[in-house]
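What follows is a short report on a single structure.
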Number of protein chains: 2
Amino acid sequence: MGIQEIAQATGLSKATVSRALRGLPTVARPTIDQVRRVADELGYVPSSAAAGLATGRQRAVGVVVPVIDRWFTAKALGGVDAELQAAGHDLVLYNLGGPGGDRHRAFRRTMLRQRVDALVLLSLVLDETERRELQVSELPTVVIGGPARDLRNIGVDDHEVAALAVTHLVELGHRDVAYVGGQDEAGFSVAVPYRRRDGFTEAMARAGASVRPTWYADGRFSFAGGVAAGTALLDVAARERPTAVVCASDEMALGVVVAAHRLGLDVPRDVSVTGVDGHEYGEVLGLTTVAQDPEAQGRVAARTVVLEAQGASPGPLPPSAARLVVRRTTARPSR
Amino acid sequence: MGIQEIAQATGLSKATVSRALRGLPTVARPTIDQVRRVADELGYVPSSAAAGLATGRQRAVGVVVPVIDRWFTAKALGGVDAELQAAGHDLVLYNLGGPGGDRHRAFRRTMLRQRVDALVLLSLVLDETERRELQVSELPTVVIGGPARDLRNIGVDDHEVAALAVTHLVELGHRDVAYVGGQDEAGFSVAVPYRRRDGFTEAMARAGASVRPTWYADGRFSFAGGVAAGTALLDVAARERPTAVVCASDEMALGVVVAAHRLGLDVPRDVSVTGVDGHEYGEVLGLTTVAQDPEAQGRVAARTVVLEAQGASPGPLPPSAARLVVRRTTARPSR
DNA sequence: TTGAAAGCGCTAACAC
DNA sequence: GTGTTAGCGCTTTCAA
């Protein structure tokens, strides 16, 4: 059952068994082999609780997500998981969304119960209380996607992301460009949408093109929201219609494309559409987008916090790349 | 720092503090309040490792998923999480997919390290080794989606799911119906696709309609796969073309719809399409589908294993409902 | 290279 | 209602 039984079976001491199981170099090779064999025969299962109690390290990291069923969340989670697996750590998932959605609960220090050695936060916006709890916990923390004051952050440059799309469209000759962004209904960082919108506005200004106030639409970062926003933007007289729509996510962009089709408009002839992310659906449907790699971001975040939890102090995080992927939803404007 | 400090600060014993913190009824009300207040002031954080060691229960359940970025996975995970939150348990995520994807690793008893009190398995097919490890671990286990021998299972009746779609189409007058199913590339249960396909075949037979062997296509349970399968099925002379396509998932069905459009076919005039799931995209796009509720399945699974871990023996699991949702991708055949 | 012994922070009898 | 006393199963000095 425990290390004790193995000690008895082998005639060794608990201490040596413990060392052998962990493969410490101070143990004779044959001893290690013997211990491991016996452990296997006995069906030994180490107790993470006991090890955790003794060492103070749980070999687990917590991942806090605002919602679970979003493309970005799932991809980033995959990256974090891959890295944690490699490091031999477990992943404890804290989902703030969901019914009841008691956000604060997740951050109360009693909730963490010292179950994890570090934290990865997914594109969350933290309030004062949450920030304080994190501070107190003293857990190594990295935020993915969306800058958070006082916390290490990894993600694409959201200003640049929007600017890349605008530059592409302007080069094609577009001047009348609309924007679909908006707040995610469920707790995504406020920062991301705002920064992308600002990046859009500034890039447009740089190009000497003005944006009508009515050409900023709210797509709620969802497909359905994109359809609604697209319809609002495009269901107007041709001369009132933008020739291109920049969307802050692929899902919204796909919604805008659908809206265009429903209105009998051709994409990209009547209207160009761009997204952000690199969603698989967009690839199949030929959506021009500014692609990012949330999985890579997740991996970097996980690696960083694990190292930190082990006492290392990893240097500054590398910026995440975003690159324009031109496909079939953008073209020169027809007027 | 620990319970000890609180004991000192209050002049109580460790035992009483422990009881007060847990709100046991044997403690005087004022004592409870005092202890909690002091704990708060001291910034006390309970140690799950210590509690786990002492009680043998970790207040955590493991969720094993084959892949993380699938609609079903994310939804079910959300349901499991909601229930675990309510029960005050943590969720430890084990992802079998991902790079390296060392499936076995996840099941080796050493991996579980006694970190969880129970397991929820998401639509996995287990091999002999894995099954044995589970048996040995003696952890309460429930499998969601896809029957697994010797394990409690929750999910829709996959036979019925396909039959519902067929019945609907046959009632509309369809006789020439194709099927898009296939294996998920990444470890989904083999059982689900097979059972749905069999349900389809049997329902067709019951209706007195035969299915051409070439009308079974592999959509790999993905959107891109659906496009490919749809193209293969529909890019033929009109008389060789099925008048309807039953798909084993909404994502594949959406792919088939896209394929049809690309071939200049109108849905549902030229071809009817049905899916399975209840994906949000399908709702927006008017996809007729057999909807299921993975979130509810997740909740039931979580509740069941938690109860079992607490010593209760919950009765048999209620079957999960699947219901036909008729929208705009199905109609009478035009020939 | 191995052993003995002292905890890690909490819970659970068992007394009082 | 509260206190005392053993552990839970491991790791880690310190010796040998």
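Quick note on labels: first sequence line is chain A, next is B, and so on, each numbered from 1.
From one end of the helix from dT1(C)-dA16(D) to dC16(C)-dG1(D) to the other, with five pairs defining each end axis, the axis direction shifts by 20° (rounded to 10°).
Across Leu12(A), Leu21(A), Asp40(A), a single residue satisfies side chain to side chain contact (heavy atoms under 4.5 Å, CB included) together with Ile6(A), and that is Leu21(A). Evaluated for a side chain to side chain contact (heavy atoms under 4.5 Å, CB included) with Val63(B), the options Leu91(B), Asp81(B), Leu121(B) yield exactly one hit, Leu91(B).
With rounding to whole Å, Ile32(A) atom CD1 is found 11 Å from dT1(C) atom C1'.
Scanning both residues, Ala301(A) and Val120(A), for their nearest heavy atoms gives CB-CG1, 4.1 Å. The heavy-atom pair separating Ile32(A) from Leu24(A) by the smallest distance is CD1-O, 4.0 Å. The heavy-atom pair separating Ala87(A) from Val306(A) by the smallest distance is CB-CG1, 4.1 Å.
Taking the charged nitrogens against the carboxylate oxygens, Asp33(A) and Arg37(A) have no contact shorter than 4.0 Å, which rules out a salt bridge. Using a cutoff of 4.0 Å between basic side-chain nitrogens and carboxylate oxygens, Asp90(A) and Arg115(B) are scored as salt-bridged.
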Legend entry - Sequence-aligned protein contact record of nucleotides 8-16 of chain C, with B where the base is within under 4.0 Å of a protein heavy atom and S where only the sugar-phosphate is: BBBBBB---

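The closest donor-acceptor contact from the side chain of Asp117(A) to the backbone of Gln58(A) lies under 3.5 Å.
Leu77(B) places a side-chain heavy atom less than 4.5 Å from the side chain of Leu93(B). Contact annotation: the side chain of Thr31(B) never approaches that of Arg19(B) to less than 4.5 Å [non-hydrogen atoms, C-beta and beyond].
Nucleotides of DNA chain D with any atom under 4.0 Å from a heavy atom of chain B span, from 5' to 3', dG1(D) to dG9(D).
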